[in-house]
Amino acid sequence: MAKKTVLRKPKGFLDVYKHKPGAEKDRTHYCPGCGHGILHKLVAEALEDLDVVDRTVLMSPVGCSVFAYYYFDTGHFQVAHGRAPAVATAVSRANPDAITISYQGDGDLAAIGGNNILQAANRGENFVVFFVNNAIYGMTGGQMAPTTLEGQKTTTTPYGRNPLTDGYPIKMCEVISQLYAPVYVTRTSLHDNANVRKTRNAVRKAIQNVKEKKGFSFVEVLGMCPSGWKMSSTDAQRWIEEEMIPVFPLGVYKDVTDEDRSSIDRPTPVHEVDRVLEALDVTTEKAELLSKREVEPRYANPSIRASGFGGQGIMSMGQAIARVGMKYGYEVSWLPSYGPEMRGGTANCSVKVQENKIGACEATEPTVIIAMNRPSLERFEKILQPDGTIIYNSTLIEVEPTREDAEVYPVPITGLADDLGNTRVQSMVGVGAFAGVTDLFDPEEVIKLLPEMFGSKASLIELNEKAVRAGYEYVKENF
Ligand SMILES: Cc1ncc(C[n+]2csc(CCOP(=O)(O)OP(=O)(O)O)c2C)c(N)n1
């Protein structure tokens, strides 16, 4: 019987590419003939074949590959320009079994992120870098990159790159391979089928290295950019062969994957923290652990978004909830968001208090929102999970939440603080109200934390104590 060939997308890709809610596509945003699409496919195939799709975390950089997270069926971080190696370091250290991939363009990797990549390579972090060298900044319209060839015309070198004023093309494989730590450094190309096959092998080897925790692998791939180079696809392929390869020779620059480097086995982050504290002679008193309380399922493991205007103590409110959660032995996180604040706008923080390890600190779909002013309510009720909980400051918010599925607690938070003689304690009224609604912790435990949070000023502590109790009691008496 004739062998049946099934043509399908590799499992490393998502079935549909959801660029925006409602905008589902079956193709990428890349221009015809672009190298990124080919490399994406090679990576997606390798992830499937090496059976690591489910534990891969990919950094989408700033550049043409910014939307990689729409395509790969993996975990993702959208990182700041050039910072993929720093984020990849954190991911691979925090989760040593992750297959961590830093995917970067030449502007991203060799210009703004030049030092980031060198330091990560020099530390021998256990991740792979796929580095697409297309000799320009593609996404922003074709400016000169560190890898631009001598004499090459770009929008910022209209007369051609002049090494006397613009420097020479930086050859990253040559630079990285001089460092001791990297285990595998290679340069391949995508300009014809034979070289695509070689790239395929390099991609697999690099991912296999990460799987075996061998350390830092660096795969530079010369990729076509017909739009940026203002050429047809076939001319772009030819340009790589005739112009780029003589400057960026292909081949393996370093391969010490067979060397026994077990002596540089990386300690796990937990051990590192303990070692550092020991070296600094820091005594850490373990948090006093309280037995966890019976909590209604809807309030267990809350993901909270607290929000209001600057000055309402939103950050302290979130911190108090996280700190008290820690006393009960929960995993907790607190993530402030200092956006470009505007008068009357929102300042907010995300807090999670959970039984299990917390993967992402941002409460993108909170189960509880605490809204201290109207813009906060209007903004965050939109992202509240179905059947979530809204605690809102009815002193300042004269409208009602529009979410009909939510459980709603209007609490005159600012008013209760004013009754105590100081509007500024409204944040602790909010904490008390949260404790009253969820019963996640005893409000008296927050009160014990106040000296730690506000220093030893007795009058301030006393006022905040009253505030916590006022919020708590209001909820217990009225709902
Ligand atoms: C901090 C910062 N600086 C500059 C930019 C503008 N910017 C976006 S993409 C890009 C260049 C990307 O080029 P490259 O890394 O070569 O990737 P390509 O688009 O060619 O794949 C620049 C400078 C930005 N987004 N952020």
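Sequential numbering from 1 along the given sequence is applied to the chain's residues. When a ligand or atom number is given, it counts from 1 through the structure's own listing order. Quantities reported herein were computed from a predicted structural model and do not represent experimental measurements.
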Query raised in the report: Hey, is CG on Asp54 packed in by over 12 heavy atoms from elsewhere, all under 6.0 Å?
Result: no
Query raised in the report: What class does the angle between the rings of His40 and Tyr71 fall in, given that below 30° is parallel, 30 to 60° is tilted and above 60° is perpendicular?
Result: tilted
Report summary line: Numbered in order shown, the ligand 1 atoms found under 4.0 Å of a heavy atom of Asp108 are 14 (P), 15 (O)
Query raised in the report: Under the 3.5 angstrom rule, does the side chain of Arg374 hit a backbone N or O of Val399 as a donor-acceptor pair?
Result: no
Requested in this report: Ignoring angles and geometry beyond distance, decide whether Leu109 reaches within less than 3.5 Å of ligand 1 through its nitrogen or oxygen atoms.
Outcome: no
Requested in this report: May I ask you to decide if Met144's main-chain N or O and Arg161's side chain share a donor-acceptor pair within less than 3.5 Å?
Outcome: no
Query raised in the report: For ligand 1, is any non-hydrogen atom under 4.0 Å from Gln143's backbone (N, CA, C, O), its side chain (CB onward), both, or neither?
Result: neither
Query raised in the report: In the protein, what heavy atom is nearest to atom 14 (P) of ligand 1, and what distance, to one decimal place, separates them?
Result: Gly107 N, 3.4 Å
Query - Close-contact set for ligand 1 against Asn134 heavy atoms, below 4.0 Å - result: 20 (O), 21 (O)
Query raised in the report: Of all the atoms in ligand 1, which lie at a distance below 4.0 Å from a heavy atom belonging to Thr140?
Result: 6 (C), 7 (N), 8 (C), 9 (S), 10 (C), 11 (C), 22 (C)
Query raised in the report: Does Arg305 pair with Glu362 as a salt bridge, N-O distance under 4.0 Å?
Result: yes
Query raised in the report: Less than 4.0 Å between a side-chain N and a carboxylate O, is that true for Glu174 and Arg187?
Result: yes
Query raised in the report: For Ser65 and ligand 1, does the shortest N/O to N/O distance drop below 3.5 Å?
Result: no
Query - For Val62, the ligand 1 atoms whose distance to one of its heavy atoms is below 4.0 Å - result: 8 (C), 9 (S), 24 (C), 25 (N)
Query - Glu355 versus Asn301, closest heavy-atom pair with distance - result: N-OD1, 2.7 Å
Query - Cation-aromatic face contact Lys205/Tyr184, 6.0 Å, 45 degrees - result: yes
Report task. If you have a sec, work out which protein heavy atom is nearest atom 9 (S) of ligand 1 and how many Å separate them, to one decimal? Result -> Met139 SD, 3.4 Å
Requested in this report: Give a yes or no on whether Lys41 atom NZ has more than 12 heavy-atom contacts from other residues, nucleotides or ligands under 6.0 Å away.
Outcome: no
Query raised in the report: Measuring from the heavy atoms of Val132, does anything fall under 4.0 Å of ligand 1?
Result: no
Query raised in the report: What protein heavy atom is closest to atom 12 (C) of ligand 1, reported as residue, atom name and distance in Å?
Result: Gly63 CA, 3.8 Å
Query raised in the report: Hey, would you say the Tyr70 and His29 ring centroids sit under 6.0 Å apart?
Result: no
Report summary line: The answer for which part of His81 has a heavy atom under 4.0 Å from ligand 1 is side chain
Report task. Check whether any N or O atom of Tyr137, backbone or side chain, sits under 3.5 Å from an N or O atom of ligand 1, and answer yes or no. Result -> no
Requested in this report: For atom 21 (O) of ligand 1, find the nearest protein heavy atom and state the residue, atom name and distance (0.1 Å precision).
Outcome: His36 NE2, 2.8 Å
Report summary line: A student checking ligand 1 against Ile112 at a 4.0 Å heavy-atom cut-off should list atoms 1 (C)
Report summary line: shortest atom 20 (O) of ligand 1-to-protein heavy-atom contact is with Gly138 N, 2.7 Å
Report task. May I ask whether Val66 has any heavy atom positioned less than 4.0 angstrom from an atom of ligand 1? Result -> no
Query raised in the report: Does atom CZ of Phe77 have more than 12 heavy-atom neighbours, drawn from other residues, nucleotides or ligands, at distances under 6.0 Å?
Result: no
**Report entry** Per-atom contacts, ligand 1 versus Asp106 - under 4.0 Å to a heavy atom
**Finding:** 14 (P), 15 (O), 16 (O)
